[in-house]
Each structure stands twice: as structure tokens, then as C-alpha cells.
Amino acid sequence: MEETTVTDQPEASIRKTSAGEDEEVKSSTAGSEDGCKFSKLPAVEDVVLTQPGLGVTTTTITTITQTGGNWSTGLFNIWGDKTTCLLGALVPCCLDLSLAHQYGECLCLPLLPGSTFAIRVGIRERYKIQGSVCEDWTAVYCCYPLAVCQMIREMKQRMKTQTYHVSTALECS
């Protein structure tokens with residue numbers, strides 16, 4: 001049985017280049033019992049300081065929302081949006097589900113008692129619409145289909161006036 005021993009002995013030396021700069025050269029010698037010697041080429045070591053990539057992304061979102069004033073349409077202004085008017089007359093509960101979704105609430109919310117009243121107060125507070133809780137209660141409980149239609153029209157109108165501006169800037173590193 002033949003046993004082989006390999007040793008690695010790096011040696012560093014400094015050599016002058018044609019430009020007059022010092023260059024470090026590392027070489028390695030390995031040997032075995034049969035006397036073979038191997039020599040490695042000079043090693044070049046480049047250190048990566050930064051990884052190439054897209055850089056830093058900055059996103060700016062600006063929201064402009066109309067606030068203040070009165071409701072954009074009156075309670076009895078049913079002909080402004082004929083689709084909403086028709087749905088409000090035939091299936092106001094489905095229109096109430098749509099309203100909850102537009103407002104950003106769970107679709108089960110309209111199943112709870114008083115939820116339409118709460119959404120109406122929330123819409124009035126969110127958009128700084130003038131009025132009172134008594135007016136909201138009267139509109140919802142005395143004119144439920146008309147109140148839901150008015151809230152849908154208001155949400156459509158207010159959502160149209162929101163503007164989103166997205167700008168992306170890449171900074172290369």
C-alpha cells in the first residue's frame with residue numbers, strides 16, 4: 001500500500017512591474033513522495049466592495065381628497081345616477097353591500113343592525129360633510145333606499161376626485 005502526503009506551502013513575494021509598481025505574487029508548491037512538484041500561477045484577488053443592483057427605490061404617493069361642504073347630491077336627487085337609482089329601488093340591500101365594500105368594510109357589515117347609519121356617519125366624518133347625527137339617523141331610518149343611493153353617489157364622486165401620483169427614483173450605488 002502506497003501512502004501519499006501532500007503539503008501546501010504558499011509563498012509570497014513582491015515583484016516590480018513594468019510600470020514601476022509593486023505587485024504581490026503568491027505561489028504554492030505541493031509535493032509528494034515520488035518527487036513531483038506543482039506550481040500555481042500568480043493569484044489575483046479582487047475584493048468586491050458593493051454588489052451591482054438596481055439601487056434604492058423611493059415611492060411617493062400623494063392623495064388629494066375633496067373635503068368639507070355639503071353632500072355632493074341631495075337625498076332626493078335620484079336621477080343623477082340611474083343605475084344606482086334602479087338598484088336602490090329594487091334591491092337596496094345589495095346596494096348596501098356595495099357601499100360597505102366601497103367604504104372599505106367587510107361585506108358582512110350591512111347585516112348588522114345600525115351599520116348603514118354607522119357608515120353614513122363615517123362617510124360624513126371622513127369627508128368633513130356638514131350635518132349632524134340626527135340628520136343621518138333620520139335619513140337612514142326614514143328614507144333608507146334614498147340614503148343608500150345618496151351615499152353611493154357620494155362615494156363615487158369623492159373617489160373620482162382622489163388623485164394618485166406615484167413616482168419612482170432609482171439611486172445607483
Side-chain angles (χ1 to χ4, degrees), residues 8 10 12 24 26 28 40-173:
D8 188 16
E24 184 177 83
K26 290 185 180 180
S28 175
K40 290 185 180 177
L41 295 174
V44 178
E45 293 182 18
D46 288 334
V47 179
V48 177
L49 298 178
T50 59
Q51 291 290 334
L54 294 178
V56 178
T57 303
T58 305
T59 303
T60 305
I61 299 177
T62 306
T63 305
I64 302 170
T65 306
Q66 175 189 355
T67 58
N70 294 320
W71 292 90
S72 61
T73 61
L75 191 62
F76 298 102
N77 186 10
I78 56 176
W79 301 113
D81 185 358
K82 292 179 178 62
T83 306
T84 302
C85 173
L86 187 62
L87 286 173
L90 299 176
V91 281
C93 56
C94 292
L95 201 58
D96 209 0
L97 291 172
S98 175
L99 177 65
H101 177 70
Q102 286 181 14
Y103 189 68
E105 292 292 335
C106 175
L107 292 179
C108 297
L109 183 69
L111 302 175
L112 298 173
S115 62
T116 306
F117 170 64
I119 291 175
R120 185 175 176 92
V121 171
I123 289 172
R124 195 172 47 77
E125 291 295 320
R126 178 182 289 180
Y127 298 117
K128 309 287 189 256
I129 298 171
Q130 295 174 354
S132 67
V133 175
C134 291
E135 291 172 358
D136 294 333
W137 187 89
T138 304
V140 169
Y141 291 106
C142 295
C143 309
Y144 172 75
L146 296 174
V148 173
C149 288
Q150 183 186 31
M151 290 186 287
I152 287 284
R153 289 190 307 267
E154 192 68 31
M155 290 296 291
K156 284 181 182 178
Q157 182 68 30
R158 300 292 175 144
M159 295 306 284
K160 270 194 236 179
T161 61
Q162 285 188 351
T163 304
Y164 294 101
H165 172 71
V166 178
S167 64
T168 303
L170 293 177
E171 298 173 8
C172 296
S173 52

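Keep in mind it's a predicted model, so treat the numbers as computed, not measured. All values below come from the heavy atoms of this structure, side chains included, with hydrogens, waters and symmetry mates left out.
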Could you give the distance from [atom1] ([X]) to [atom2] ([Y]), rounded to the nearest 0.5 Å?
X: Glu135; Y: Leu75; atom1: CD; atom2: CG; answer: 11.0 Å
X: Leu111; Y: Cys93; atom1: CG; atom2: SG; answer: 9.5 Å
X: Gln130; Y: Lys128; atom1: CD; atom2: NZ; answer: 12.5 Å
X: Tyr144; Y: Cys149; atom1: OH; atom2: SG; answer: 9.5 Å
X: Leu107; Y: His101; atom1: CG; atom2: NE2; answer: 7.0 Å
X: Ile119; Y: Glu105; atom1: CD1; atom2: CD; answer: 6.5 Å

Return the minimal non-hydrogen interatomic distance between [X] and [Y], and the atom names on each side.
X: Cys106; Y: Ala100; value: O-CB, 3.8 Å
X: Pro92; Y: Val148; value: O-CG1, 4.3 Å
X: Ala147; Y: Ala139; value: CB-O, 3.5 Å
X: Asp96; Y: Pro110; value: O-CG, 3.6 Å
X: Gly114; Y: Tyr141; value: CA-OH, 3.3 Å
X: Leu95; Y: Thr84; value: CD2-O, 3.7 Å

| Derivation and outcome, side chain to side chain contact (heavy atoms under 4.5 Å, CB included), residues Leu87 and Cys94 | CA-CA 8 Å; Leu87 286 173; Cys94 292; 5.8 Å; no

Could you check whether any side-chain heavy atom of [X] comes within less than 4.5 Å of a side-chain heavy atom of [Y], counting everything from C-beta outward?
X: Ile123; Y: Leu99; answer: yes
X: Met155; Y: Tyr127; answer: yes
X: Trp137; Y: Val121; answer: no
X: Trp71; Y: Met151; answer: yes

| Heavy-atom donor-acceptor pair, Gln150 side chain to Thr73 backbone, under 3.5 Å | yes

| Check: Ser72 side chain, Gln157 main-chain N or O, donor-acceptor pair, under 3.5 Å | no

| said: Closer than 4.0 angstrom, basic N to acidic O: yes or no for Arg153 and Asp81? | reply: no

| field | Geometric cation-pi criterion, Arg120 with Tyr103: 6.0 Å, 45° | value | no

